[in-house]
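Step one of this worksheet: look at the structure below.
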Amino acid sequence: MLPIWDQVLFLCVVAFGCYIQAVTGFALGLIVIALSALFGIMSIELASIVVTVITLSNASVALWQSGCQVRWSRIIPLVIASAPTIYLGLLLLNE
């Protein structure tokens with residue numbers, strides 16, 4: 001568990017990253033991982049997991065509320081393929 005001030009700082013970093021993501025359309029992961037490592041809040045591995053969860057939740061909310069027809073036959077293979085590669089990337093970060 002992170003100390004309370006590290007949690008507050010990390011939430012500020014995430015809020016800043018989400019703001020930049022909303023304005024520019026990219027850089028959430030770059031900002032959150034870089035600033036978390038710079039300030040020594042948490043490890044790069046843990047920060048990358050947090051960014052993945054935020055990105056997946058943002059994408060699912062956007063798909064849910066867009067009202068457009070999603071071609072699930074194309075989405076499901078991408079999700080199935082991305083899960084093992086995310087795990088592999090995290091294993092490689094630990095080495």
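- Under the side chain to side chain contact (heavy atoms under 4.5 Å, CB included) criterion, V14 pairs with F10, C18, V32, I54, sequence neighbours left out.
- With values rounded to the nearest 0.5 angstrom, F39 atom CZ is found 11.0 Å from D6 atom CG.
- Under a 4.5 Å side-chain heavy-atom cut-off, the cluster of Ile, Leu, Val, Met, Phe, Trp and Tyr residues that includes L88 is completed by L92.
- Nearest approach of I44 to I33, heavy atoms of both residues: CG2-CG2, 4.0 Å.
- Between the CG atom in L11 and the CD1 atom in I41 there is a gap of 9.5 Å [rounded to 0.5 Å].
- Note on L38 and L46: same hydrophobic cluster, where clusters join Ile, Leu, Val, Met, Phe, Trp and Tyr whose side-chain heavy atoms are under 4.5 Å apart, directly or indirectly.
- Qualifying side chain to side chain contact (heavy atoms under 4.5 Å, CB included) partners for Y19, counting only residues two or more places apart in sequence or in other chains: V23.
- With sequence neighbours excluded, no residue forms a side chain to side chain donor-acceptor pair (under 3.5 Å) with Q7.
- Identified under the side-chain hydrogen bond (donor to acceptor under 3.5 Å, both in side chains) test for residues 31-51, with sequence neighbours left out: S43-E45.
- With sequence neighbours excluded, the residues forming a side chain to side chain contact (heavy atoms under 4.5 Å, CB included) with I76 are W72, I80, listed by chain and number.
- A chain of hydrophobic side-chain contacts below 4.5 Å, direct or via other Ile, Leu, Val, Met, Phe, Trp or Tyr residues, connects I86 to M42.
- With sequence neighbours excluded, no residue satisfies side chain to side chain donor-acceptor pair (under 3.5 Å) with T55.
- When every heavy atom of S82 is checked against every heavy atom of T85, the shortest pair comes out as O-OG1, 2.8 Å.
- Summarising the geometry, atom CG belonging to L28 is positioned 7.0 Å from atom CG belonging to N58; distances are rounded to the nearest 0.5 Å.
- The CZ atom of F16 lies 7.0 Å from the CG atom of L35; values are rounded to the nearest 0.5 Å.
- Hydrophobic clustering, defined by side-chain heavy atoms of Ile, Leu, Val, Met, Phe, Trp and Tyr closer than 4.5 Å, groups Y87 together with L91.
- With sequence neighbours excluded, the residues forming a side chain to side chain contact (heavy atoms under 4.5 Å, CB included) with L30 are A27, listed by chain and number.
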